[in-house]
Number of protein chains: 2
Amino acid sequence: MSLSDFVKEKRALTKLTQPELAEKAGVGLRFLRELEQGKATLRLDKVNQVLGLFGYEMGPVERDRNLL
Amino acid sequence: MSLSDFVKEKRALTKLTQPELAEKAGVGLRFLRELEQGKATLRLDKVNQVLGLFGYEMGPVERDRNLL
DNA sequence: CTTTTTTATACCCTAAATGGTATAAATAGT
DNA sequence: ACTATTTATACCATTTAGGGTATAAAAAAG
């Protein structure tokens, strides 16, 4: 599962809009959209601000192992 | 285990110097050093270029769970 | 269908991340 | 001890990510 899908799914589960999630995470709306659209050149700390709301953070995982 | 420690450990196991790893990964030496020193505002794609050499990539993981 | 809400796209601007290089410090080897 | 190798720090220049905003498209609600 890609990072963008992960965020989209978590946001759907919490029933937040993009502006709401962006505000809660303390990131710009522009950033959150690029995150959900799979932009590769994102800043790690900003991604972590978003994942933190869901109890997650970015870390090294083995490639091509699909988690669930 | 932090990302910086993860990279330092992997690099030690492969017996590469920072310049060697940086070159193999296609990132600047400056970047690799900041990575190993725990800088938070790194670009995700650059981090992935490094982790890729070790068969890893950045992905969401539950917080406070220590892997190994 | 129409209206409302949500999401996507397209700009501009500023801050800062990255690369490069040169020097200093630390570590390893003899 | 000294020397060679590796790593850390400090600077400059270029590129670009991120914030903001305005508009357009799409989805949801009525």
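Every heavy atom of this structure was used, including side-chain atoms; hydrogens, water molecules and symmetry mates were not. Each chain gets a letter, A, B and so on, in the order the sequences are listed, and its residues count up from 1.
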Interatomic distance, CG@B:Asp45 vs CD@B:Glu57, rounded to 0.5 Å, equals 13.0 Å
For residues 16-29 of chain B, the side chain to side chain donor-acceptor pair (under 3.5 Å) pairs (sequence neighbours left out) are B:Thr17-B:Glu20, B:Gln18-B:Arg33, B:Gln18-B:Glu36
Between NZ of A:Lys15 and C1' of C:dT6 the distance, given in whole Å, is 15 Å
Rounding to 0.5 Å, atoms CG (B:Leu21) and NZ (B:Lys15) come to a distance of 14.5 Å
I'd like a table of atom pairs between the protein and nucleotides 28-30 of chain D - only N or O on both sides, under 3.5 Å - with the distance next to each one.
none

Overall bend of the helix from C:dC1-D:dG30 to C:dT30-D:dA1 (five pairs an end, 10° steps) is 70°
So the ring pair (Phe, Tyr, Trp, His ring centres under 6.0 Å) pairs with at least one residue in residues 12-31 of chain A (sequence neighbours excluded) are none
Applying side chain to side chain donor-acceptor pair (under 3.5 Å) to B:Ser2 and not counting sequence neighbours gives B:Ser4, B:Asp5
Problem - Connected via hydrophobic side-chain network under 4.5 Å: B:Leu53 and B:Leu32 - result: yes
By ring-ring contact (aromatic ring centres under 6.0 Å, His included), A:Tyr56 pairs with (sequence neighbours left out) A:Phe6
B:Leu35 CG to D:dA8 C1', in whole Å, measures 15 Å
Hey, is the side chain of A:Gln37 poking within less than 4.0 Å of OP1 or OP2 on C:dT7, counting only N and O atoms?
no
Here the distance between atom C1' of C:dA17 and atom CG of B:Asn48, to the nearest Å, is 16 Å
Item to check | Heavy-atom check, side chain of B:Leu44 versus side chain of A:Leu3, under 4.5 Å | outcome: yes
The side chain to side chain donor-acceptor pair (under 3.5 Å) partners of A:Lys39 (sequence neighbours excluded) come to A:Glu34
Counting primed atoms, P, OP1 and OP2 as sugar-phosphate and everything else as base, the B/S/- map of nucleotides 18-27 of chain C against protein heavy atoms under 4.0 Å is BBBB------
side-chain N/O B:Gln18 vs D:dA8 OP1/OP2, d < 4.0 Å: yes
When rounded to the nearest 0.5 Å, the distance separating OG1 of A:Thr14 from CD of A:Glu9 is 11.0 Å
According to a hydrophobic-cluster definition based on side-chain heavy atoms being under 4.5 Å apart (Ile, Leu, Val, Met, Phe, Trp, Tyr only), do A:Leu16 and A:Val47 belong together?
yes
